[in-house]
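Per chain, numbering begins at 1; letters A, B, ... match sequence-line order.
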Number of protein chains: 2
Amino acid sequence: MNESVDFLKGTLDLMILKTLSWAPTHGYGIARWIEHCTGDVLQVEEGSLYPALHKLEERGLIAAEWGISEHNRRAKFYRLTTAGKKQLLAAHDSWARFADAVFKVLRTAPASH
Amino acid sequence: MNESVDFLKGTLDLMILKTLSWAPTHGYGIARWIEHCTGDVLQVEEGSLYPALHKLEERGLIAAEWGISEHNRRAKFYRLTTAGKKQLLAAHDSWARFADAVFKVLRTAPASH
DNA sequence: TGTATATACCTCGGAGTCCTAGGTAAGCTT
DNA sequence: AAGCTTACCTAGGACTCCGAGGTATATACA
């Protein structure tokens, strides 16, 4: 995950959850989707993606099932669990508040005196 | 740096640089300013702040000078260097593009078909 | 006078995240 | 048959943040 250098942290989890909120998707497809809908501003590295998926699964936020991809290949499809849906809402809200706070720092000028 | 849990990474550097763009400020004051203008949404921990300042100084983006604070205490005042000003512009732009990309993932619905 | 509080600095070590670099395997195209 | 794309995986290093600890001084207050 790069280009925009170094921000991001936890944001990957959020974007994975959001992507899965539309439909169950396999890891490779999640990466392609994120890249596609950000116009390649965000690159999802496999070395970040798969460990992140495994941790989300461990935490019970997503569940996996093997299946066959649209390209006729073996693929692991992930879906949101109930806990995952709840977590997505919380994380979305949390991100919005965080981003808003950062923008405040970037915009707020000290009171003149 | 917390409350909004876990995002943030590199964002601290950006906010430090931005704070210093208004006026030279000591570390403690930087932390208080960020907390103040985000309405305490972002907490700046000293264990994050001081190492970050030292690294920015090492990288030549800020410069330090000992002085006396508004509370009559010994304090290290940091100011942006020329390289720091340049870096601030780049990081600001980078953050804006990153945040925009994340919001795109949070908002974009897959094309129906 | 002594003590508490706020100001102001610092570092160590752990936890967590991302990425580079490597690997496997199978389907499709040429 | 070779090469590309799809699809998965992990190990290890680099880095960042934070909790917890520490030092020191000015001011307020009892």
Please verify the inter-ring angle class for B:Trp95 with A:Phe103; under 30° counts as parallel, over 60° as perpendicular, anything in between as tilted.
tilted
Rounding to a whole Å, what distance do you find between B:Leu14:CG and D:dT16:C1'?
15 Å
Partners of A:Arg59 by salt bridge (Lys or Arg N to Asp or Glu O under 4.0 Å), sequence neighbours excluded?
A:Asp13
List for me each residue that meets salt bridge (Lys or Arg N to Asp or Glu O under 4.0 Å) alongside A:Lys85, sequence neighbours excluded, and say none if there are none.
none
Please give, in whole Å, the distance from D:dC8 P to A:Glu57 CD?
12 Å
Spacing between A:Glu58 atom CD and D:dC9 atom P, to the nearest angstrom
13 Å
Measure NZ/A:Lys55 against P/D:dC9 and give the value in whole Å, please.
14 Å
Whole-Å distance between C:dG16 P and A:Leu56 CG?
14 Å
Per-nucleotide protein contact string for nucleotides 5-15 of chain C (B base, S sugar-phosphate only, - none; heavy atom under 4.0 Å):
-BBBBBB----
B:Glu65: what forms a salt bridge (Lys or Arg N to Asp or Glu O under 4.0 Å) with it, not counting sequence neighbours?
none
How close or far is atom P of D:dT16 from atom CG of B:Asp13, stated in whole angstroms?
7 Å
Whole-Å gap separating P (C:dG23) and CD (A:Glu45):
18 Å
According to salt bridge (Lys or Arg N to Asp or Glu O under 4.0 Å), who are the partners of B:Glu46, at least two apart in sequence or on a separate chain?
none
Filter on ring-ring contact (aromatic ring centres under 6.0 Å, His included), then keep only pairs touching residues 49-86 of chain A, sequence neighbours left out; what's left?
A:His26-A:Phe77
